[in-house]
Amino acid sequence: MSQFATSPETGRGVFVSNLRNIATNTSLLIGLVLVSMVVFSALLADFISPHDPNFANPIIRYLPPLSEGYILGTDELGRDVLSRLIHGARIALFVAIIPTVISLLIGGILGLIAGYVGSFVDTFVMRYFDIMFAFPGILLALGISAAIGPGLNSMIIAMVVVTIPEFGRIIRGVVLGVREELYVEAARVLGYSHTRIILFHILPNVVAPALIYGTLQTGRNVILAASLSFLGLGIQPPTPDWGQMLSGGRTSLVMAPHVATIPGLAIVFLAVGFNLLGDGIRDLLDPRSRQSAK
Amino acid sequence: MTMLNPVQAQTGEKANAIEVRDLVVRFPVRGGLLRREIDVVRAVDGVSFDVREGETVGLVGESGSGKTTTGRALLGLSPANPGSVRLFGRSLEALKTSGHDLQKLGQLVFQDPFASLNPRLAIGAAISEALYVHGMKDKSARQARMIELLDQVGLRPEIAARYPVALSGGQRQRVAIARALAVEPRIMILDEVVSALDVSIQGQILNLLMDLQEAQNLSFLFITHDLSVVRYVSHRVVVMYRGCLMEEGETESVFQNPKHPYTHSLLSAVPVPDPVLQREKRKKQIQVETQNLTLLSTGCRFQGSCPHADDMCRVQEPEMREVSENHRVACHHYAKIPDFVSS
């Protein structure tokens with residue numbers, strides 16, 4: 001059945017012209033470089049980190065950056081900041097990407113159903129989204145984390161719950177527009193089933209916006225996850241995590257500012273990377289925004 | 001055609017392909033805080049006509065006259081009153097609930113061939129999909145039939161690999177027709193199928209449709225506002241105005257001897273390729289006013305624009321009456337109205 005779903009976007013002609021567009025797409029390239037640097041350090045953490053990230057040496061607490069053997073210095077327990085940063089990349093990527101994927105799936109399905117079915121189903125789902133939107137994201141995530149107890153799992157659940165409405169709204173909007181397209185009505189006249197119409201005629205239109213907003217949301221999730229960890233509701237010590245490193249350095253901000261500043265910069269680095277990547281993908285997939293940008 | 005579908009086998013020759021009896025389509029107007037129904041638009045208000053097997057009936061009228069809504073109602077796409085539509089003797093309600101029978105009987109071709117094809121589907125895939133849904137699961141059989149259908153609408157097989165963007169309007173409309181034919185329908189509702197095409201292509205598509213009709217004994221309901229097109233393709237003509245029938249009859253009878261003042265005004269609105277004559281004509285033309293459709297006034301719907309309207313027209317709605325064989329008109333004063341002189 002899949003031969004019906006061949007999309008021109010994946011066709012060779014468009015792909016080649018896309019390759020040409022990638023070369024001139026600066027935000028995509030920079031985003032790609034930033035994100036892949038973090039991805040590589042996460043993958044190769046065991047090989048490239050100079051020290052054990054959890055080995056505490058109280059004798060060398062608060063070593064400043066550029067000390068011998070400790071390029072980025074040590075923290076309040078005498079652990080190597082660089083090693084913790086490299087290992088923290090794993091958690092940072094995990095808690096940014098996994099919640100995005102899960103909430104994209106759930107939000108996407110909800111949005112697809114709401115947009116396609118319409119009437120009271122749409123009203124019901126949208127009012128639920130409105131309620132979720134009424135809370136500030138971080139506050140809601142805080143509440144959920146606090147309610148089910150801190151930890152990696154509860155943090156992911158909290159982030160998924162907070163971000164579902166964002167994806168749901170976007171996907172619903174796309175579906176609402178496509179549903180009124182004449183070719184969807186033509187499919188109905190030809191007697192195609194709802195499943196077929198949704199899968200082969202509506203879903204392909206959702207892929208591009210899902211990819212774009214998924215990437216942008218991943219960037220926002222980096223910050224959200226770090227905030228939760230900073231407040232002690234996310235990753236628990238001693239697992240190296242950027243938000244928690246930030247929290248640990250908070251008390252020594254005057255005496256040893258690098259302990260908090262360095263993980264903070266890492267968070268910004270990754271968040272900016274994902275945002276640029278998302279912008280770049282949008283320029284690539286949506287010719288209209290490309291025109292307006294230039 | 002090689003295959004006879006089950007519905008085809010049951011019915012006899014020259015049956016009524018489409019039978020419309022007192023069709024009403026109402027759209028609620030909602031408003032206020034609770035989206036209550038505050039008013040009703042009667043887009044189609046008591047329309048009756050027949051389309052015989054193998055016949056083309058032209059449905060004409062101005063924008064907003066309800067002609068498209070009527071066409072859609074025939075395939076269950078507009079909210080029609082139950083029991084008002086029968087296709088080959090079977091009611092729409094029964095057809096809707098029995099599998100693909102409705103699609104097998106009637107197909108719709110849309111006005112805009114640019115929007116009615118999925119831009120992400122290659123032409124071949126779009127036609128194969130229709131074949132697949134309607135029971136042709138074998139891939140090579142589907143491929144062969146798809147090529148055959150393209151050939152029937154005058155397209156070369158190479159076009160199967162192309163996407164709609166790479167096709168001209170005329171080619172796209174041919175593809176849309178081929179896709180509808182894939183279902184092997186017996187009735188085709190052609191909703192302004194040539195309006196979006198330029199004149200030279202219009203002729204090609206109309207000839208193609210007429211050839212297909214002859215070869216496959218198809219019944220056409222040809223919805224259009226273009227009177228010259230109607231005259232060219234239709235056996236009979238139905239004139240609609242504000243959701244009601246005004247006149248109905250054999251094409252030549254209606255064109256040469258129109259009885260209803262509205263048909264007069266429609267025919268005189270056809271431009272003449274002579275600026276002097278055209279200016280003369282415009283002076284005599286009736287200005288048809290556009291009025292709120294929700295307004296339920298009594299009497300004839302055309303009274304506001306009719307030069308012959310009198311007190312009777314304001315009170316009593318005229319019924320369809322036979323003026324000559326196969327020619328019916330809904331006007332109180334059709335006998336008094338001077339003959340139409342075509343300029």
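Quick note: numbers below take in every heavy atom, side chains included, and nothing from hydrogens, waters or symmetry partners. Letters A, B, ... mirror the listed sequences (proteins, then strands); counts begin at 1.
The environment of A/Y192 atom OH is dense: over 12 non-hydrogen atoms of other residues, nucleotides or ligands sit within 6.0 angstrom. Annotation: A/F133, atom CZ; neighbour count of heavy atoms from other residues, nucleotides and ligands within 6.0 Å is above 12.
At a threshold of 4.5 Å between non-hydrogen side-chain atoms, the residues B/P119 and A/Y183 count as touching. Side chains of A/R196 and B/Y132 form a contact here, defined as non-hydrogen atoms less than 4.5 Å apart. Between B/Q103 and A/R188 the shortest side-chain heavy-atom distance does not fall below 4.5 Å. Inter-residue side-chain proximity for A/E185 and B/L108 is flagged as unmet; no heavy-atom pair is nearer than 4.5 Å. With contacts defined as side-chain heavy-atom distances shorter than 4.5 Å, the pair A/N205/B/R120 qualifies.
Checking side-chain atoms of B/H100 against main-chain N and O of A/G191 turns up a donor-acceptor pair under 3.5 Å.
Minimum heavy-atom separation, A/A186 to B/S116: CB-O, 3.8 Å. Listed here is the closest heavy atom pair of B/H134 and A/L190: NE2-O, 2.6 Å.
The distance from atom CG of B/N118 to atom CZ of A/F200, rounded to the nearest 0.5 Å, is 11.5 Å.
Evaluated for a side-chain contact (heavy atoms from CB on, under 4.5 Å) with A/V189, the options B/V109, B/L77, B/V183 yield exactly one hit, B/L77.
Heavy atoms closer than 4.5 Å to chain A are found in both the backbone and the side chain of B/R179.
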